[in-house]
Amino acid sequence: MVGRDLDVLYPKTDVERGDTRLRVENISYKQGRNQVLQHVSLHVNRGEIVGIAGLMGAGRTQLLETIFGVYPRSATSGRIWLDGKEVSIRNPKQAIQSGIGLIAEDRKGQSLVLERTVTENATLAALRQFMIALNIINQRAERRAVSQVTQDLNIKTPSIQSIVANLSGGNQQKVVIAKFLLARIKLFLLDEPTRGIDVGAKAEVYTLIGQLARHGTAFLLVSSELPELLAVCDRIYVLCDGRLTGEFRAINLTRLRLWRPQRSSWTKPTANNVFTG
């Protein structure tokens, strides 16, 4: 419809994979009497883009939010390792300090302060870097850093002092990414990162993700659009009813093969129901 090939809309970057950046074991989350996640274990290597597929209600968003420390510890269980070191993440602040950033599905409600400027949004997660005596912000250093990251990400805005609500959806999403780049994030949790933005902006976002992956940044990506998962991910996990039901390598993977395990009894992945390309 837009006259572009799939590899242009979803550019794929060949990256040499590094050591394990994220490893989670037996992640569970219970909301009231409802068991949302049940003993989910997975890993993401440096420079790797790993997808999470599943139907609505499968627990995809809750998995990212559990890793990010959104929920009370009393409602969750499991263990998390980052770069080989076990970490205890009790809240999003600790997650960011550990090098984990979450780009939420609802960027306007959860990732941005719409009535504030590009500068204020871009430095939300990294304000400590610009603090001087008496908790005063070094505005010159702040503006310099935001101007640089705005240029690097090709954020189209009249000024870094523009109100972020006035930007297009794609540029708003880039501001969210800028916020975590300034905080020196090494693991991105992406929840529907291209929802509500046009196809050109989608290509720009995934080009940026590929560039970051080339420098060792790791990504755990939730998307309801299977073409996106198949085009940009190195591996794909499948969730259903809070359980991990399959793991695939994305090379030569088709939609049919991706969803084939879901026709079975939804048991924990074994050597018999995990496909590799």
Side-chain angles (χ1 to χ4, degrees), residues 1-13 49 51-56 60-65 68 70 92 96 100-126 145-183 185 187-213 217 219-233:
M1 183 176 70
V2 295
R4 302 189 188 187
D5 294 331
L6 189 64
D7 58 352
V8 176
L9 293 178
Y10 306 121
K12 178 66 175 176
T13 303
I49 304 172
I52 303 292
L55 302 177
M56 185 176 295
R60 300 170 304 168
T61 293
Q62 289 80 2
L63 174 60
L64 299 189
E65 291 179 341
F68 196 60
V70 171
I96 293 172
I100 302 175
L102 171 66
I103 297 183
E105 177 181 2
D106 179 11
R107 64 174 173 270
K108 293 184 178 181
Q110 295 177 273
S111 294
L112 293 170
V113 184
L114 293 177
E115 66 273 15
R116 309 307 295 181
T117 67
V118 171
T119 296
E120 290 170 306
N121 276 275
T123 57
L124 273 177
V146 174
S147 295
Q148 185 62 56
V149 76
T150 299
Q151 180 179 345
D152 292 344
L153 301 186
N154 192 28
I155 299 174
K156 296 179 178 63
T157 176
S159 163
I160 61 173
Q161 298 306 317
S162 298
I163 301 301
V164 78
N166 296 330
L167 273 58
S168 67
N171 286 295
Q172 287 179 357
Q173 194 71 309
K174 290 182 183 179
V175 172
V176 180
I177 296 174
K179 174 177 69 175
F180 288 121
L181 288 182
L182 289 176
I185 293 302
L187 169 68
F188 276 90
L189 308 175
L190 308 178
D191 194 358
E192 305 285 3
T194 61
R195 174 165 291 179
I197 63 179
D198 62 57
V199 291
K202 285 185 180 183
E204 289 185 347
V205 168
Y206 279 120
T207 297
L208 173 60
I209 289 173
Q211 292 170 350
L212 294 174
T217 305
F219 296 87
L220 190 58
L221 165 66
V222 165
S223 177
S224 298
E225 299 187 31
L226 288 183
E228 283 190 354
L229 292 176
L230 295 174
V232 305
C233 294

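Worth saying up front: this structure is predicted, and the values here are computed from it rather than measured.
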Considering non-hydrogen atoms only, spot the tightest contact between G169 and R107 and give its length. CA-NH2, 3.3 Å
Nearest 0.5 Å please: distance from the CG atom of L102 over to the CG atom of L220. 10.5 Å
For L114, side chain to side chain contact (heavy atoms under 4.5 Å, CB included) partners two or more places apart: K108, L112, V164, A165, Q172
With I96, which residues qualify under side chain to side chain contact (heavy atoms under 4.5 Å, CB included), at least two apart? F68, A125, F180, A183, I185
Side-chain contact test, heavy atoms from C-beta onward, threshold under 4.5 Å: evaluate it for I209 versus V232 and give yes or no. no
Mind checking salt bridge (Lys or Arg N to Asp or Glu O under 4.0 Å) for K156 and listing every partner two or more places apart, or none if nothing turns up? E204
Who pairs with D106 by side-chain hydrogen bond (donor to acceptor under 3.5 Å, both in side chains), at least two apart in sequence or on another chain? none
Holding to side chain to side chain contact (heavy atoms under 4.5 Å, CB included), I want the full list of residues that pass it with S147, two or more places apart in sequence or in another chain. I160
What residue among L167, V175, I163 forms side chain to side chain contact (heavy atoms under 4.5 Å, CB included) with N121? V175
Do P193 and L221 have side chains that approach each other closer than 4.5 Å (heavy atoms only, starting at C-beta)? yes
Does E105 have any salt bridge (Lys or Arg N to Asp or Glu O under 4.0 Å) partners at least two apart in sequence or in another chain, and if so, which? R195
If you define the side chain from C-beta out and look only at heavy atoms, does anything of N171 sit under 4.5 Å from T157? no
N/O donor-acceptor pair under 3.5 Å between E192 side chain and S224 backbone: yes
Does K174 reach the side chain of N154, with side-chain heavy atoms less than 4.5 Å apart? yes
What's the separation between atom CD1 in I52 and atom CG in L190, rounded to the nearest 0.5 Å? 11.0 Å
Minimum heavy-atom separation for S223 and L229, please, with both atom names. O-CD1, 3.6 Å
Could you tell me which non-hydrogen atom of T119 sits nearest to which non-hydrogen atom of T123, and how far apart they are? O-OG1, 3.0 Å
Quick check for you: to the nearest 0.5 Å, what is the distance between R60 atom CZ and L55 atom CG? 7.5 Å
With sequence neighbours excluded, what pairs up with R116 under the side-chain hydrogen bond (donor to acceptor under 3.5 Å, both in side chains) test? E120
Within the 4.5 Å heavy-atom criterion, are L181 and L153 side-chain neighbours or not? yes
With T217 via side-chain hydrogen bond (donor to acceptor under 3.5 Å, both in side chains) - residues at least two apart: none
Side-chain (S111) to main-chain (A104) donor-acceptor, under 3.5 angstrom: yes
Excluding sequence neighbours, so at least two apart, what forms side-chain hydrogen bond (donor to acceptor under 3.5 Å, both in side chains) with Q110? none
Taking ring-ring contact (aromatic ring centres under 6.0 Å, His included) as the test, write out the residues that go with F188, two or more places apart. F219
Student check: side-chain heavy atoms of V70 and L64 closer than 4.5 Å: no
